[in-house]
Amino acid sequence: MELQVVLFTLFAIGAIVSALFTVTRKNPVASAMSLVAHFFMLTGLYLTLHAQFVAAVQVLVYAGAIMVLVVFVIMLLNVGREVQQSTGNSLRTTAATVTGAVMIVMLASVVISNPTGMNELKPFTKQIGDHLYEGGTTRYIGRYLFTDYIFPFEAVSLLLLAALIGAVVLAKRHVKEVES
Amino acid sequence: MMPTSIPLDYYLILSAVLFVIGVVGVITRRNAIIIFMSIELMLNAVNLSMVAFSSFLGNEAGQMFVFFIMAVAAAEAAVGLAIVLALFRQKKSVYVDEINIMKW
């Protein structure tokens, strides 16, 4: 049995279960911890696709930076368990049920058309013309990041600066509030 | 019979399932922070399909996009959580159905 098959099965089940835990837990901290587990499962899936750089960035940025920020805010606000409101709940439940039903119908139509085996993933090194794809190693990704994708890269750095300033301005306590 | 390698379709189906779990989370939850986490779930589902396509087509563009999506998600996390903090200071609540000052 191929290693990729075993790993994909494990990580796919783990990803779906942890995603379900994330959206169903009443306690926001439990939700956040499930989301961290979900990010690690996705890291495993990226590795089965030979995208090593993306996998490393996933752990660093998502499981590291973003989730620390989220857990910080949860602790700071001290929000307890979510109490479901009795009124106005039916519309939300109906919408969620409809979304789930549409997904099941769409997936069933895909599976019934029996696509398995048509789109085999190719080996991770391959030649297309004079373009050699080496999988998502840092060397390969970095070479493109600083040549073909240099403009979006610089634009993203500006965006991060803008977000930084925006977050400080939004979260800053106003001076009058502190005095009173 | 077990397949010997995983087809692209399995990754795409998994991505769709994760995306819909995120959508259902956004629709059903009241806590703004959990809604925010559900949005992260949806972003990650799209990232997974992009990496799968990148690996399938032998093209680095998909992984580039994932990198930029992660950068935008980090920016979104900072601003989004700052908004949640500012809202909590105003309304003493993070439940989105109690925040209706812009509702018609």
Side-chain angles (χ1 to χ4, degrees), chain A residues 1-2 4-5 8 12 15-16 19-20 22-23 28 31-32 35 42 45-46 49-51 54 57 61 65-66 69-70 73-74 77 79 82 85 88 92 95-96 99-100 103 107 110 115-117 119-122 124 126 128 133 136 140-141 144 149 152 156 159-160 163-164 166-167 170-171, chain B residues 2-11 13-14 16-18 20-25 27-31 33-34 36-38 40-41 44 47-48 51-52 54-56 58-60 63-64 66-68 70-79 81-86 88-89 94-95 97:
Chain A
M1 199 152 42
E2 197 89 5
Q4 194 200 9
V5 177
F8 175 83
I16 290 175
L20 282 174
T22 305
V23 297
S31 224
L35 195 57
L42 279 180
L45 286 169
Y46 292 153
L49 290 164
H50 301 285
V54 173
V57 172
V61 174
I66 292 181
L69 204 59
V70 169
V73 170
I74 293 172
L77 300 187
V79 284
E82 182 173 329
Q85 216 182 22
R92 253 199 291 273
T99 313
M103 180 205 70
L107 278 186
V110 167
T116 306
N119 297 319
E120 287 293 325
L121 280 171
K122 306 288 189 298
F124 71 99
K126 66 178 188 179
I128 302 174
Y133 177 70
Y140 180 74
I141 295 291
Y144 281 96
Y149 293 85
V156 152
L159 174 77
L160 285 173
L164 203 68
L170 274 173
Chain B
M2 289 289 283
T4 51
S5 80
I6 297 295
L8 174 68
D9 314 288
Y10 284 20
Y11 284 98
I13 290 170
L14 174 65
V17 170
L18 294 178
V20 172
I21 291 173
V23 172
V24 169
I27 293 172
T28 51
R29 300 309 299 264
R30 301 170 58 218
N31 191 330
I33 299 170
I34 293 179
F36 173 81
M37 287 195 267
S38 302
E40 298 289 327
L41 271 181
N44 272 284
N47 280 356
L48 178 63
V51 173
S54 170
S55 184
F56 172 66
N59 191 319
E60 78 290 339
Q63 293 178 38
M64 289 297 160
V66 169
F67 179 78
F68 293 126
M70 281 177 181
V72 172
E76 179 226 325
V79 175
L81 290 171
I83 290 173
V84 172
L85 270 178
F88 186 78
R89 206 169 285 145
V94 291
Y95 295 136
D97 50 1

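Just so we're on the same page: letters track the sequence lines, and every chain starts at 1. Every heavy atom of this structure was used, including side-chain atoms; hydrogens, water molecules and symmetry mates were not.
Of the two parts of B:M64, only the side chain, counted from C-beta on, holds a non-hydrogen atom closer than 4.5 Å to a non-hydrogen atom of chain A. The part of B:V94 that comes within reach of chain A is its side chain, from C-beta onward, which places non-hydrogen atoms under 4.5 angstrom from that chain. At a 4.5 Å heavy-atom cutoff, the contact between A:L35 and chain B is made by side-chain atoms alone. For B:V17, the parts sitting under 4.5 Å from any heavy atom of chain A are the backbone and the side chain alike. Looking at B:L48, both its backbone and its side chain come within 4.5 Å of chain A, counting heavy atoms on both sides. Looking at B:L18, only its side chain comes within 4.5 Å of chain A, counting heavy atoms on both sides. Heavy atoms of A:V156 lying under 4.5 Å from chain B belong exclusively to its side chain.
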Please walk me through it: do A:Y144 and B:Q63 pass side-chain contact (heavy atoms from CB on, under 4.5 Å)? CA-CA 10 Å; A:Y144 281 96; B:Q63 293 178 38; over 6 Å; no
Would you please test B:V51 and A:L45 for side-chain contact (heavy atoms from CB on, under 4.5 Å) and show each step? CA-CA 9 Å; B:V51 173; A:L45 286 169; over 6 Å; no
Passes side-chain contact (heavy atoms from CB on, under 4.5 Å), A:L159 versus B:V72? Steps please. CA-CA 8 Å; A:L159 174 77; B:V72 172; 3.6 Å; yes
Go through B:N47 and A:Y46 one step at a time and tell me if the side-chain contact (heavy atoms from CB on, under 4.5 Å) criterion holds. CA-CA 10 Å; B:N47 280 356; A:Y46 292 153; 3.2 Å; yes
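Ring pair B:Y11/A:F8 is perpendicular by interplanar angle, where above 60° counts as perpendicular and below 30° as parallel.
Listed here is the closest heavy atom pair of A:A163 and B:V79: O-CG2, 3.8 Å. Between A:A171 and B:A82 the shortest heavy-atom distance is CB-CB, 4.0 Å. Scanning all heavy atoms of the two residues, the minimum distance from B:M37 to A:T22 falls at CB-CG2, 4.5 Å. Residues A:P28 and B:N31 come closest through the heavy atom pair CG-ND2, 3.8 Å. In plain terms, the two heavy atoms of B:I27 and A:A96 that are nearest each other are CG2-N, 3.9 Å.
Proximity of B:F67 to A:Y149: side-chain heavy atoms (C-beta onward) are nowhere separated by under 4.5 Å. Between A:V23 and B:V24, the closest side-chain pair of non-hydrogen atoms is not below 4.5 Å. Using a 4.5 Å cut-off on side-chain heavy atoms (C-beta onward), B:L85 and A:L170 make no contact.
The CD1 atom of A:I66 sits 5.0 Å away from atom CD of B:E40, with the distance rounded to the nearest 0.5 Å. Rounding to the nearest 0.5 Å places CE of A:M103 at 10.5 Å from CD1 of B:I13.
With B:S55 contributing its side chain and A:L49 its backbone, the two residues share a donor-acceptor pair below 3.5 Å.
Residue with the most contacts toward chain B among A:L42, A:L77, A:V54: A:L77 (heavy-atom pairs, distance under 4.5 Å). When A:A32, A:A65, A:P152, A:G100 are compared by the number of non-hydrogen pairs under 4.5 Å with chain B, A:P152 comes out ahead. Here A:I16 is the residue among A:I16, A:V61, A:L164 with the most heavy-atom pairs under 4.5 Å with chain B.
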